[in-house]
Amino acid sequence: PAKTWEEGLICGNGTIGGVVTVVSNGTLTAAATNTTGTLPLTTNLAMNGVLLCNINGTNDYDQVVVSGNVDAGATAALQVKLGYAPKGGQQFTILSNDDTDAITGAFSGLAEGALVSAGPRQFRISYTGDTGNDVVLTATNTAALRPVLTVWHTTTNTVVVSWPQS
């Protein structure tokens, strides 16, 4: 049977069967907040709410695995929470589409190759990553980090403020 979530959080271990529809007030995540996991969906996913992805390490991140079609609707949003600092070039397949068809649509404001912010870090999003039809986030280089501001005073009571050039 089909499952529709109008609000609240969908997460957990196990498999969800039937067509899954997440509407604008709903959130889908593979595991509880600040933990990671894999959430298999045995058929189609219609995403119009928030996909929440926790990334806590190279092989420690949320992944939703869909066996059917994936449609990111006009109100679909992506939220990424970081529990560590990835290196530039690291890739995370956050939505794995086991079917052969392309993902339709895109997360709101995130076209192919757009930057996704997660705290001070940024990722590039691809809807054609990994096997050609998965949502993959690629960490950008450290130039996206906020500079560290340093303030100190000298022996002549002068205040010095500095930060690295980017």
Side-chain angles (χ1 to χ4, degrees), residues 1-86 88-140 144:
K3 314 243 181 335
T4 301
W5 278 268
E6 295 183 13
E7 59 183 89
L9 177 68
I10 307 165
C11 68
N13 297 324
T15 301
I16 299 176
V19 176
V20 173
T21 302
V22 181
V23 297
S24 60
N25 291 333
T27 299
L28 175 67
T29 185
T33 305
N34 298 326
T35 63
T36 61
T38 300
L39 180 62
L41 307 179
T42 61
T43 59
N44 301 340
L45 171 62
M47 192 71 211
N48 289 299
V50 176
L51 176 61
L52 171 61
C53 180
N54 294 299
I55 299 177
N56 293 332
T58 303
N59 296 309
D60 185 16
Y61 60 94
D62 286 339
Q63 186 178 61
V64 176
V65 179
V66 182
S67 296
N69 299 327
V70 177
D71 178 34
T75 59
L78 176 62
Q79 181 181 1
V80 178
K81 291 187 177 182
L82 286 178
Y84 95 119
Q90 281 187 293
Q91 294 189 330
F92 305 92
T93 303
I94 61 170
L95 201 156
S96 177
N97 183 357
D98 284 355
D99 211 358
T100 58
D101 58 316
I103 292 173
T104 58
F107 292 105
S108 180
L110 297 175
E112 176 72 23
L115 288 174
V116 177
S117 294
R121 304 282 176 163
Q122 290 186 316
F123 298 84
R124 288 222 179 267
I125 190 167
S126 176
Y127 300 93
T128 60
D130 202 16
T131 61
N133 61 348
D134 301 321
V135 177
V136 175
L137 298 178
T138 302
T140 62

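All values derive from a computational prediction rather than experimental measurement.
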Backbone N or O of Q122 within a donor-acceptor pair of the T140 side chain at under 3.5 Å?
yes
So CG of N133 and OG1 of T104: to nearest 0.5 Å the spacing works out to 11.5 Å
If you round to the nearest 0.5 Å, how far is OH of Y127 from CG of D134?
13.0 Å
From Q91 CD over to R124 CZ, what is the distance, rounded to the nearest 0.5 angstrom?
13.0 Å
Do the non-hydrogen side-chain atoms of L95 and V66 ever get within less than 4.5 Å of each other?
yes
Is the closest side-chain heavy-atom distance between V116 and L78 below 4.5 Å?
yes
Does a side-chain heavy-atom distance below 4.5 Å link I125 with F107?
yes
Taken to the nearest 0.5 Å, the spacing of L45 CG from N69 CG works out to 10.0 Å
Criterion side chain to side chain contact (heavy atoms under 4.5 Å, CB included) on E112 and T128, from CA distance to verdict
CA-CA 8 Å; E112 176 72 23; T128 60; 3.7 Å; yes
Given side chains that start at C-beta, do those of V64 and L41 come closer than 4.5 Å, heavy atoms only?
yes
Under the side chain to side chain donor-acceptor pair (under 3.5 Å) rule, what do D60 and T36 come out as? Steps first, then yes or no, please.
CA-CA 6 Å; D60 185 16; T36 61; 2.2 Å; yes
Compare all side-chain heavy atoms of T43 with those of V20 and state whether any distance is below 4.5 angstrom.
no
Looking at side-chain heavy atoms only, is the closest gap between L28 and V50 below 4.5 Å?
no
How close do A114 and G109 get, heavy atom to heavy atom, and via which atoms?
CB-O, 4.4 Å
Using the side chain to side chain contact (heavy atoms under 4.5 Å, CB included) rule, take C53 and K81 through it: C-alpha gap first, then chi angles, then the decisive distance, then the call.
CA-CA 6 Å; C53 180; K81 291 187 177 182; over 6 Å; no
Beyond-backbone contact of I103 with V135, side-chain heavy atoms, under 4.5 angstrom
yes
With rounding to the nearest 0.5 angstrom, report the CG to CD distance, N59 to Q90.
9.0 Å
To the closest 0.5 Å, what do you measure between OG1 (T42) and CG (D98)?
11.0 Å
Check each of L82, I94, T138 against F123 using the side chain to side chain contact (heavy atoms under 4.5 Å, CB included) test, and report the only one that passes.
L82
With a 4.5 Å limit on heavy-atom distance, are the side chains of V22 and N48 in contact?
no
Backbone N or O of A30 within a donor-acceptor pair of the Q63 side chain at under 3.5 Å?
no
Under a 3.5 Å distance rule, please check whether T21 uses its side chain to pair with a backbone N or O of A46 as donor and acceptor.
no
Assess whether side chain to side chain contact (heavy atoms under 4.5 Å, CB included) is satisfied between F92 and I55, documenting all intermediate values.
CA-CA 8 Å; F92 305 92; I55 299 177; 3.7 Å; yes
For the student: nearest non-hydrogen atoms of A74 and S108, plus distance:
O-CB, 3.8 Å
Using the rule given for side chain to side chain contact (heavy atoms under 4.5 Å, CB included), can you reason through Y61 versus T93, listing the C-alpha separation, both sets of side-chain angles and the distance that settles it, and then say yes or no?
CA-CA 9 Å; Y61 60 94; T93 303; 4.2 Å; yes
